[in-house]
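This is the structure I want to talk about, given as structure tokens.
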There are 2 protein chains.
Amino acid sequence: MSLHPPLLNPCALFQRSSSKQPKTTMAFSLTLFNPRHLSFPKTPTFSIPKHPTQRTQTLRCLPSSSFDLQTYWSDLITLIDAELAAAIPLRYPEPIYAAMRHAVLAAPGAKRAAPVMCVASCELFLAPRAAALPTACALEMAHAASLVHNDIPYIDDDPRRRGRPSTHSAFGTDLAILAGDALFPLGFRHIIHRTPPELVPPERLLRVVSEIARSVGAGGMALGQFLNLEERAAPPGEELVVLIQEKKFGEMAECSAACGGVIGGADDGEIEMLRRYGRAVGVLYQVVDDILMQGNGSANARDNASYVKVFGVERAMEIAEGLRKTAKEALRGFEKYGEERVAPLYSFVDYAVERRFEVGASASDANVVI
Amino acid sequence: MSLHPPLLNPCALFQRSSSKQPKTTMAFSLTLFNPRHLSFPKTPTFSIPKHPTQRTQTLRCLPSSSFDLQTYWSDLITLIDAELAAAIPLRYPEPIYAAMRHAVLAAPGAKRAAPVMCVASCELFLAPRAAALPTACALEMAHAASLVHNDIPYIDDDPRRRGRPSTHSAFGTDLAILAGDALFPLGFRHIIHRTPPELVPPERLLRVVSEIARSVGAGGMALGQFLNLEERAAPPGEELVVLIQEKKFGEMAECSAACGGVIGGADDGEIEMLRRYGRAVGVLYQVVDDILMQGNGSANARDNASYVKVFGVERAMEIAEGLRKTAKEALRGFEKYGEERVAPLYSFVDYAVERRFEVGASASDANVVI
């Protein structure tokens with residue numbers, strides 16, 4: 001894993017905007033996620049606070065000052081990578097397993113954001129890490145499978161992924177399809193057979209399987225891919241961009257946070273809050289990526305569904321701030337558990353904007369996927 | 001549903017062979033399923049008995065004479081078709097759901113062999129039909145999803161399926177990939193959300209999810225598709241043909257019988273017997289299809305992995321008789337439950353060979369898939 005300083009300081013971008021606008025909290029609301037009710041303020045009304053004290057006032061809660069996200073994250077990546085490598089051995093039929101391993105394991109320093117969020121959400125409820133790890137790994141397999149199919153010529157036709165040849169580029173489209181088809185069910189089996197039964201009752205595992213199945217299905221990530229196909233025909237409007245980004249990037253993060261909560265024993269209300277939190281963080285990460293790529297000139301000209309391309313940089317920054325606020329507000333109900341327990345989840349929100357350190361992807365791969 | 005007399009009487013084919021050979025039981029054993037241990041008798045040593053009394057002597061058990069397979073099967077098809085239609089509504093995103101519906105619902109009179117076998121295996125243990133129906137429908141979804149991906153240009157490149165345009169022919173390859181990706185998880189969700197919890201405890205549902213995930217994964221149907229790709233390069237040997245047919249046709253039937261047993265409360269030994277039974281019946285059906293297609297001139301010239309092409313008609317018939325025997329022997333342990341309860345499963349075996357009536361597929365579609 002490489003831990004580099006960020007390529008570009010996103011705060012500089014945000015500050016450029018903030019100098020023109022009064023510092024207020026932002027009106028971008030949860031209705032973001034229902035495009036039919038989408039409404040934006042006529043003029044930008046936000047800023048990213050420059051100092052921690054300001055942020056405390058605005059967002060009412062900070063991650064524990066003693067919490068070290070970088071160590072927490074990289075420790076988890078080590079565990080997750082080891083479990084994934086063991087779960088996908090190079091066995092018969094080798095070509096399918098080799099393609100599966102390429103999809104899941106080949107990118108050095110992948111962020112493993114979905115499984116890390118799952119574990120952090122589970123640990124919020126003091127459940128042992130071992131309870132969540134199999135589900136966390138299944139989330140990564142489902143995510144990778146979705147990306148493998150997304151990249152093939154008939155869908156996104158993308159020869160590269162995470163700075164390396166995409167699976168069909170390395171193994172052929174036929175094997176890429178089969179590898180994706182095999183990764184999805186392997187994830188479900190991994191949950192069922194590797195979760196210690198003394199830690200997680202079967203009802204929770206069923207709920208987790210259902211959550212993941214929902215998030216990859218026709219109303220989730222498959223919908224995001226479908227909408228991406230649609231927007232190739234005609235540049236998308238604002239509502240469509242919001243929906244595409246939500247499905248392509250919010251869905252897996254929402255699912256990850258919700259699954260962690262389910263495994264940890266969260267009640268229904270808490271799972272809903274985790275769902276809202278995850279969705280906001282997932283989209284936030286992508287909006288900030290769009291802004292960063294615009295700033296460093298690495299934006300993909302083919303990508304019509306970029307927030308920056310459709311909304312412009314300033315409104316994209318408003319949206320980012322709104323998502324940051326939404327994510328943190330969703331965590332308020334968990335503050336009763338103490339600062340230390342909720343600190344990882346708070347830290348992910350700030351990390352999505354600030355990128356204070358580099359987790360995972362190589363410096364040449366700006367368009368990393370959370 | 002169309003219920004036609006069979007296009008061709010397979011017994012006529014078998015009898016052609018039997019007239020040349022002494023009537024003995026057959027040496028084709030369970031080791032069929034481990035190609036490394038595959039051994040065939042040097043000379044054909046079997047026949048298909050011509051009369052029920054002969055069959056009784058040979059196979060020691062007959063389906064109940066009062067059991068009406070045709071009515072049993074068509075009643076179940078009605079229930080299964082209705083549940084599948086409700087489970088895959090034409091809702092947003094319509095193009096994906098339309099492609100899913102095409103894959104699962106479009107073929108008039110599809111046999112629904114996998115779900116019917118699942119229900120019959122469950123009913124063997126006196127569990128109510130409602131307990132098995134959601135799993136039965138999920139099996140059909142998984143099967144259809146596998147066929148959709150199997151047919152696309154990069155895999156089998158087959159423009160037709162069940163006498164109709166295959167899904168990618170009707171909706172495009174992009175939507176076919178997404179429809180397959182959406183059908184697999186929809187099946188899992190259908191099991192979890194539609195199985196009455198008062199009828200099936202969660203541990204059994206987890207086992208069923210795991211069974212289906214195994215059967216579609218890298219060691220199951222995906223492996224069958226991969227081997228099919230391999231055999232295009234060079235005509236396959238006997239072991240490879242056996243393995244391809246087992247994975248492409250035995251796997252889903254094995255899974256269906258095992259899932260029915262799990263839902264119904266079978267013990268581990270009984271599930272193993274159901275597994276062996278289902279695998280034998282699934283391959284048997286395909287071997288007989290190969291023989292029938294050879295007989296009526298509809299064999300697919302591209303299909304190198306046909307039993308008839310590799311083994312010849314006579315040995316294919318030996319194999320069929322061996323599979324019939326294996327399937328029936330696997331049911332012996334269930335005779336203690338009474339003739340009536342085990343009759344449907346026995347009847348499927350004879351149906352696979354004799355095709356006494358036409359279930360489902362149109363008369364123009366000889367290469368139906370079980």
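Convention: sequence-line order gives letters A, B, ...; per-chain numbering from 1.
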Heavy-atom proximity to chain A below 4.5 Å, by part of B:M221: neither
Non-hydrogen side-chain atoms of A:H149 and B:H149 separated by less than 4.5 Å: yes
Contact origin within B:P153 toward chain A - heavy atom pairs under 4.5 Å: side chain
Pairs of heavy atoms under 4.5 Å with chain A: top-ranked of B:L206, B:L186, B:I191: B:L206
Trace of the side chain to side chain contact (heavy atoms under 4.5 Å, CB included) decision for B:V216 with A:F184: CA-CA 10 Å; B:V216 300; A:F184 283 121; over 6 Å; no
Any A:P95 side-chain heavy atom under 4.5 Å of B:F226 side chain: yes
Pairwise distance CZ(A:R214) to NE2(B:H193) - rounded to 0.5 angstrom: 9.5 Å
For chain A, the option from B:R91, B:E203, B:E211 that forms the most heavy-atom pairs under 4.5 Å: B:E203
Interchain contact, A:L183 with chain B, by part (heavy-atom threshold 4.5 Å): neither
Engaged part of A:I152 at the chain B interface, taking heavy atoms whose separation is under 4.5 Å: side chain
Option that, when pairs with chain A are counted at under 4.5 Å, heavy atom only, ranks first among B:P202, B:A142, B:A182: B:P202
Segment of B:I212 engaging chain A (4.5 angstrom heavy-atom cut-off): neither
Within-4.5 Å side-chain heavy-atom neighbours: A:V209 and B:I192: yes
Part of A:L205 lying under 4.5 Å from any heavy atom of chain B: both
Minimum-distance pair of heavy atoms, taken over all atoms of B:A213 and A:P185: O-CB, 3.3 Å
Minimum-distance pair of heavy atoms, taken over all atoms of B:A222 and A:I96: O-CD1, 3.8 Å
Rounded distance (nearest 0.5 Å) linking atom CG of B:L178 with atom CG of A:L223: 9.5 Å
Exercise: identify the closest heavy-atom pair between A:L227 and B:Y92: CD2-OH, 3.5 Å
Side chains of A:L229 and B:L175 in contact at under 4.5 Å (non-hydrogen atoms): no
